[in-house]
Structure formats: C-alpha cells, structure tokens
Amino acid sequence: MASSYRTQSAKRWLPLEANPDVMNQFLWGLGLQEDDTECYDVYGLDGELLEMVPKPVLAVLFLYPLNPKTEEERMMQLNENQETKGNVYFMKQTVGNACGTIGLLHAVGNITSEIKLVDGSYLDRFFKSTASMDPLQRAAFLENDNEMEVAHSVAATAGDTEASDDVDTHFICYACVDGELYELDGRKSGPISHGPSSLNTLLQDAAKVIQGVIQKNPESLNFNVIAISKKSG
C-alpha cells in the first residue's frame, strides 16, 4: 500500500529515522556548528511539554503517515497556484524517501541568518550553489549530488530501527520567514503559509497546525515532532 504514496523517482534512498541524535550527527557532519544548533524531541503538543523544548526554536520537523486523505489534500494543493515568496528557501522532492533530508535542508535554508555554518562545509557550499535556482533545479542538484547521497545513506543506517525503503510516512518542515509561518513540503507545489508567526512563537504556532493534521488521523499513532533549536550561550 505504501507504494501508491511514494514520490515517483528512478532514484530512491533509505528513509531517515525520526531520531534527534541521528539528525544531529548528520547535520553537524555536513557543516552545522555543534555548539550552535541542535535537534530535540518534542514529546507532546500541550503547553507544558512545549515549554520543555529548548528555546529559541528555529524550525520544526513533522513526521506523519500518508493515507488517502493526505494524498487527496496534496493533489488539490498541486492544482492551486502557489507563488514562492522571495525569501523562502524551497525545493521539490524528486528522490524517493529523501523527505527527511529535504526537511532538514528546508529548515537550514530558511534559518541561515540565525545560525553558523562552517565555511566551506557541504551545507555552506550547497546553499551558495543553489541560492539562485528554482525549486526543481534545486531538486535536480540534490538528486545528482553524490556527497549528500552518501551522507544520507550513513545517517539512514545509523538509527535504532532497521532501515527499509518500504515506508508510508513523510517528513515536512515548518519555519518562520519574514514574520510568517510556512509549511515546506517537497511533494507539494510550493510553500504554504499558515499565518503570522515569530521565532518566539514558532513552536506553538507549528504545534497548532500539527494538531490539526493529527486530528484528521485519529487512528494513527505514527507521528513525530522534532525541534531545531539554537543553543544558548
């Protein structure tokens, strides 16, 4: 059943596990500075549990199950005209199971003013190389990038569960750009605005949107939320 929801592509990767430790090693190895930014589990969406997440939160990753309802909504959105805002970094997904890496790239690409990348590192070079590209060109750049494919493969096999390409879950990213909360999903036609937000309220604002998705899928428990936070000090 999972195959009907997959991104159609000649190239397929193993999926990333929704595991902050795996994602941290992956991002730090690619050029995010370890003393600057870190991924954390979000254990629940009520106020008390959100308060436990280290602040400030710069971006939020959300893993959710794909099903006929989510696919129907995606197809409806594909038929709508989406105008990519000038300051939003967005890329399409053309590699199967690359949604975790694309979610992380969406996160980092939209918070470069808030974080430090190691000069000359993979991420530093990737965002400089793709800055002027459109979303499909960025997708093609990633699809042909052997360095990222190898790094993704190492990360995908570093989790606690055995890696399999037969999955029916999907990662997306929420980020605040120019005072607006955006949903960034490489399987959709462009960024989706969810209204006003700020770095101070990003986690709470994203949690409200995520709760709406979960309420549409009350029978599923296959959800994970991970925050990317800036370290203090």
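Quantities reported herein were computed from a predicted structural model and do not represent experimental measurements.
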Distance from [X] atom [atom1] to [Y] atom [atom2], nearest 0.5 Å?
X      : Y      : atom1 : atom2 : result
Leu184 : Leu105 : CG    : CG    : 11.5 Å
Ile210 : Phe62  : CD1   : CZ    : 5.5 Å
Ile228 : Leu58  : CD1   : CG    : 8.0 Å
Lys55  : Leu202 : NZ    : CG    : 10.5 Å
Ser197 : Gln204 : OG    : CD    : 9.0 Å
Asn19  : Ile226 : CG    : CD1   : 7.0 Å

Set of ring pair (Phe, Tyr, Trp, His ring centres under 6.0 Å) partners for Tyr40, sequence neighbours left out: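 Ring pair (Phe, Tyr, Trp, His ring centres under 6.0 Å) check on Tyr40 returns nothing, list empty.
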Partners passing ring pair (Phe, Tyr, Trp, His ring centres under 6.0 Å) against Phe26 (at least two apart in sequence or in another chain):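 Listed in chain order: nothing, the list is empty.
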Please report the closest heavy-atom contact between [X] and [Y], naming both atoms and the distance.
X      : Y      : answer
Met91  : Ile102 : CG-CG2, 4.0 Å
Trp13  : Ala98  : CE3-CB, 3.7 Å
Gly186 : His106 : N-CE1, 4.0 Å
Pro65  : Phe223 : CD-CE2, 3.3 Å
Gly103 : Cys173 : O-CB, 3.6 Å
Asn24  : Cys39  : OD1-N, 2.6 Å

Exam field: side chain [X] to backbone [Y], donor-acceptor pair closer than 3.5 Å:
X      : Y      : answer
Asp185 : Ile172 : no
Lys188 : Lys92  : no
Glu180 : Val177 : no
Arg138 : Met133 : yes

Any [X] side-chain heavy atom under 4.5 Å of [Y] side chain:
X      : Y      : result
Leu27  : Thr37  : no
Leu16  : Leu104 : yes
Asn200 : Pro56  : no
Glu149 : Val95  : no

Worked check of side chain to side chain contact (heavy atoms under 4.5 Å, CB included) between Val225 and Leu61: CA-CA 6 Å; Val225 182; Leu61 292 177; over 6 Å; no
[X]: side-chain contact (heavy atoms from CB on, under 4.5 Å) partners, not counting sequence neighbours:
X      : answer
Cys99  : Gln93, His170, Phe171
Val209 : Tyr174, Leu181, His194
Ser153 : none
Asp36  : Gln33, Ile115, Lys116, Lys230

side-chain hydrogen bond (donor to acceptor under 3.5 Å, both in side chains) against His152, all qualifying residues, sequence neighbours excluded: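 With neighbours one apart ignored, the set is Thr101.
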side-chain hydrogen bond (donor to acceptor under 3.5 Å, both in side chains) involving Asp178 - partner list, sequence neighbours excluded: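 For Asp178, the residues satisfying side-chain hydrogen bond (donor to acceptor under 3.5 Å, both in side chains) (neighbours in sequence not counted) are Asn87.
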Cluster overlap Trp28 with Val118, hydrophobic side-chain contacts below 4.5 Å: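 No; tracing contacts between hydrophobic side chains, which count when under 4.5 Å, never links both residues.
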Residue pairs, two or more places apart or on separate chains, that pass ring-ring contact (aromatic ring centres under 6.0 Å, His included) and touch residues 121-141: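 ring-ring contact (aromatic ring centres under 6.0 Å, His included) check on residues 121-141 returns Tyr89-Phe127, Tyr122-Phe126, Phe126-Phe141.
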Residue pairs, two or more places apart or on separate chains, that pass ring-ring contact (aromatic ring centres under 6.0 Å, His included) and touch residues 200-222: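 For residues 200-222: none.
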Sequence neighbours excluded, every pair satisfying salt bridge (Lys or Arg N to Asp or Glu O under 4.0 Å) that has a member inside residues 117-126: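 Of all non-adjacent pairs touching residues 117-126, those that pass salt bridge (Lys or Arg N to Asp or Glu O under 4.0 Å) are Asp124-Lys128, Arg125-Glu147.
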Return all side-chain donor-acceptor pairs below 3.5 angstrom for residues 43-54, not counting sequence neighbours, or 'none' if the list is empty.
{"from": "Asp46", "atom 1": "OD1", "to": "Glu48", "atom 2": "N", "distance (Å)": "3.2"}
{"from": "Asp46", "atom 1": "OD1", "to": "Leu49", "atom 2": "N", "distance (Å)": "3.1"}

